[in-house]
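Input: a single structure, listed below in structure tokens.
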Amino acid sequence: MLVLSGPSGVGKSTVCARLVATGRYVWSVSATTRAPRPGEVEGKNYFFLDRATFERWIEDGQFLEWARVHGETLYGTPRRFVAEQLATGRHVLLDIDVQGAAQLRVADLPLVTVFLLPPSLEVLRARLEGRRDTPPAEVERRMARAQAEIAEAPRFDLQLVNDDLDAVVRAIEARVGA
Ligand code: 5GP
């Protein structure tokens, strides 16, 4: 299992897409209570659940980890999906926040954790502002949250600055193995 954390806008999805394209990694599909963004597909980007269903999954022990991430939105990693993917013999890639990473770190799992850092906070802000679906108030919330998340980076096995995509992918592959 490879956990990839980092602030919103740092480029986690791009790194994940590159790793998945090698064929040696599969993406863990999380569940969330937020609404789909334009273009997002149920079962591919997320399992979109209403709150009551998400809470039932918590009670039933269906999550490997779960956390409240932006405001009231809940995100979680379904246990069964990860187990099925690991059984295929590939690495499972989890794009989860620092709270989720902390929960997995204390469990006895075959895990490498990577924290992706922006080249600077200015670059991160520019990326968030460039997302047309993120309103200004949300950019401010995500920037505040980014600083709290970056403070957690030393707890990860690897800290990588996302200024060179190829170098980031190579460093991850070197640590995780083929
Ligand atoms: P977004 O709403 O932009 O897709 O994701 C927001 C944040 O939720 C990201 O920082 C992402 O890492 C985190 N996230 C997505 N899925 C999970 C999950 O299953 N568990 C946890 N703990 N965080 C998640």
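Atoms within a ligand are numbered from 1 in the order they appear, just like the ligands themselves.
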Exercise for the section: Could you label the plane-to-plane angle of the F54 and W66 rings as parallel, tilted or perpendicular, counting under 30° as parallel and over 60° as perpendicular? Expected result: perpendicular

Handout entry: Residues R155 and E152 bridged, charged N to O under 4.0 Å
Key = yes

Problem - Test item: R68 and Y75 side chains (from C-beta on) under 4.5 Å apart, heavy atoms - result: no

Exercise for the section: Report yes if some heavy atom in the side chain of L2 is under 4.5 Å from a heavy atom in the side chain of L111; otherwise report no. Expected result: no

Fill in the blank from the handout: In terms of its nearest heavy atom to atom 7 (C) of ligand 1, the top option of V69, L64, I96 is V69

Practice task
Please verify whether a non-hydrogen atom of Q103 lies at under 4.0 Å from ligand 1.
Solution key: no

Practice task
For ligand 1, indicate whether the residue R37 contacts it via side chain, backbone, both or neither (heavy-atom separation under 4.0 Å).
Solution key: side chain

Handout entry: Structural part of Q99 in contact with ligand 1, heavy atom criterion under 4.0 angstrom
Key = neither

Handout entry: Contact check: D95 vs ligand 1, nitrogen or oxygen atoms, below 3.5 angstrom
Key = yes

Practice task
Indicate the ring-plane relationship of H91 and Y25, choosing parallel, tilted or perpendicular according to the 30° and 60° boundaries.
Solution key: tilted

Practice task
Decide yes or no for V10 and L117: does some side-chain heavy atom of the first lie under 4.5 Å from some side-chain heavy atom of the second?
Solution key: no

Problem - Heavy-atom nearest neighbour in the protein, as seen from atom 10 (O) of ligand 1, with distance rounded to 0.1 Å - result: K12 NZ, 3.1 Å

Handout entry: Separation between CG of D97 and OG of S30, rounded to the nearest 0.5 Å
Key = 10.0 Å

Problem - Top protein contact for atom 23 (N) of ligand 1, by heavy-atom distance - result: D97 N, 3.1 Å

Exercise for the section: Run the contact test for G76 against ligand 1 with a 4.0 Å cut-off on heavy atoms, strictly below, and give the result. Expected result: yes

Practice task
Compute whether any side-chain donor of one residue and acceptor of the other, for R34 and T73, lie under 3.5 angstrom apart.
Solution key: no

Exercise for the section: Measure the distances from the heavy atoms of Y46 to every atom of ligand 1 and state whether one is below 4.0 angstrom. Expected result: yes

Exercise for the section: Check each atom of ligand 1 against the heavy atoms of T77 and keep those under 4.0 Å away; list them by number with element. Expected result: 19 (O)

Practice task
Report yes if some heavy atom in the side chain of V29 is under 4.5 Å from a heavy atom in the side chain of F47; otherwise report no.
Solution key: yes

Problem - Min N/O separation E149 to ligand 1 under 3.5 Å - result: no

Fill in the blank from the handout: protein heavy-atom neighbour closest to atom 16 (N) of ligand 1 works out as S30 OG, 3.1 Å

Practice task
Quick one: look up the protein heavy atom nearest atom 2 (O) of ligand 1 and list residue, atom name and how far away it is.
Solution key: Y75 OH, 2.4 Å

Completion exercise
shortest atom 20 (N) of ligand 1-to-protein heavy-atom contact is with E65 OE2, 2.7 Å

Handout entry: G100 neighbourhood, listing ligand 1 atoms whose heavy-atom distance to it stays under 4.0 Å
Key = 22 (N)

